[in-house]
Amino acid sequence: MGPVSPRVFVARMAGQSVFDPLGDEVGRVRDVVVALGPRAGVSARGIRAVGLVIEVPGRRRVFVPMTRVTSVDAGAIITTGLVNLRRFEQRRNETLVVAELFDRRVQVQDDETDGFPAVVEDLALEAQRNGDWRVSKVFVRKGGGPERQGRGLRLRRRRGETVLVDVDRVSGLAISGPAQAVDALLETYEDLKTADLAEAVHDLPPKRRGEVADALEDPVLADLLEELPDDDRVEILVNLEIERAADVLEAMQPDDATDLISELPTDKAEQLLQLMEPDEAAPIRRLLAYEEDTAGGMMTPEPVILGPEASIAEALALVRRQELSPALASLVFVSRPPHETPTGKYLGVVHIQRLLREPPQDAIGGALDSAIDPIGPQAALGTVTRLLAAYNLVALPVTDAEGRLIGAVSVDDVLDHLLPEDWREHDPEMEVHLRG
């Protein structure tokens, strides 16, 4: 066995790269799994660390047993042998340190006093001579628990004296209280993109998913819900306070909000729509009128729309908006006023690639492509797919019977309907050998 650090803190391991013996990166540590069931006690040697949850390319989270860890040094973890790329699934009596133990309220025993309440900030692992790793120390902050400072991925740290204590002096590690903060957990998520954050939240137990949702700001939670599987996002939405659920729906893209609302019971969906601002609820109500697998059911009602007299500079400024998907940012739809759906008469589209070759002061009407025929809202999924493929497009205009633009259906909308419902969760069952 290679050299090991005498003591390693989990918070420092989170995000560290995992390498094979030849120095090739395998993935990054996202959590540590310990054997701590509801009835588990703490032995004289501490709590056994079972393995690591690492994120490998493709956003897949897999399990690596601690027996495969040969070295833990500053900034790098070395492992060897087979890495099973099957998606990690938590077993009974297994606990995720970062996801479940950080911020947990515990009681610390003290020989001189009756002890004191505290909040878990970190856990220390130590390697044993037999190759096991054990949780030997708990880094806690004295007090009954953190006070919420506001929602977001960056929460101000709470105050209070911190102390490092032996794990056998801490009671309550195996007990999840009625409410648990997520400050430390969110700190480990700060480097994640929204899709990766969704993957991490999906892996959490339902109670922790709800606590994370409660801590996130509405726009962040809205982005997260757009990336989660249907079961997860419905679970989160129905457990929010009804007024906040309506606010989060307003912050979502209308097509994603429509997909989510359509999964709810009719009375619950109508209650949420009534609580939303009328101008935010209106496009969702329009989308709900169409069948799910039609252009109308898939489209977004808010593509980039301008009049033909708008300048190329104005068009380029609009497509820079961060909230636009790459597919919708590739086209500007041109119509007569009004320029909110349903618009005036649809005129055509302007390709961003074309605009980049034209003087910025020119009007976009001079670069209009009127050869792309719009489709009706009743167009079937197969028709939309064939048109996108036949003309090498990433989005198509959708118009009503009067020739007014009512939305655009993009290739990512189509993919969401072509892929199986569990595509976010499906991982090919395979193994790779690490060299060495």
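Fair warning: this is a prediction, and the values are worked out from it, not measured in the lab. Atoms considered below: every heavy atom in the structure, side chains included; atoms not considered: hydrogens, waters and symmetry mates.
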Between [X] and [Y], is there a side-chain N and carboxylate O pair less than 4.0 Å apart?
X    : Y    : result
E199 : R87  : yes
R134 : E126 : no
D31  : R61  : no

Which atom pair, heavy atoms only, marks the closest approach of [X] to [Y]?
X    : Y    : result
K142 : F116 : CG-CE1, 3.6 Å
V334 : G307 : CG1-C, 3.9 Å
L396 : V384 : CD1-O, 4.0 Å
V212 : L186 : CG1-CD2, 4.2 Å
A395 : F333 : CB-CZ, 4.4 Å
L275 : A246 : CB-CB, 3.8 Å

Is any side-chain heavy atom of [Y] closer than 4.5 Å to one of [X]?
X    : Y    : answer
V182 : Y189 : no
L101 : V34  : yes
L387 : I375 : yes
D122 : K137 : no
L264 : L237 : yes
I54  : V62  : yes
R105 : P117 : no

Donor-acceptor pair, [X] side chain versus [Y] backbone, under 3.5 Å?
X    : Y    : result
N130 : D132 : yes
R209 : L204 : yes
E94  : Q90  : no
R208 : A99  : yes
T300 : P303 : no
R233 : L225 : yes
S171 : Q107 : yes
R104 : L173 : yes
E226 : Q253 : yes

State whether the number of non-hydrogen atoms from other residues, nucleotides or ligands found under 6.0 Å of [X] atom [atom1] is greater than 12.
X    : atom1 : answer
R285 : CZ    : yes
Q109 : CD    : yes
E25  : CD    : yes

Nearest-0.5 Å distance that lies between atom [atom1] in [X] and atom [atom2] in [Y]:
X    : Y    : atom1 : atom2 : answer
L405 : T343 : CG    : OG1   : 4.5 Å
R28  : L52  : CZ    : CG    : 14.0 Å
K193 : E227 : NZ    : CD    : 11.5 Å

Mutual orientation of the aromatic rings belonging to F9 and F139 [parallel < 30°, tilted 30-60°, perpendicular > 60°]: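 If you compare the ring of F9 with that of F139, the planes turn out perpendicular.
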
D259 vs S262, side-chain hydrogen bond (donor to acceptor under 3.5 Å, both in side chains): CA-CA, chis, key distance, verdict: CA-CA 5 Å; D259 290 342; S262 66; 5.0 Å; no

Modelled atom types, side-chain donor and acceptor of T258 and D255, under 3.5 Å: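 Result is no, nothing qualifies.
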
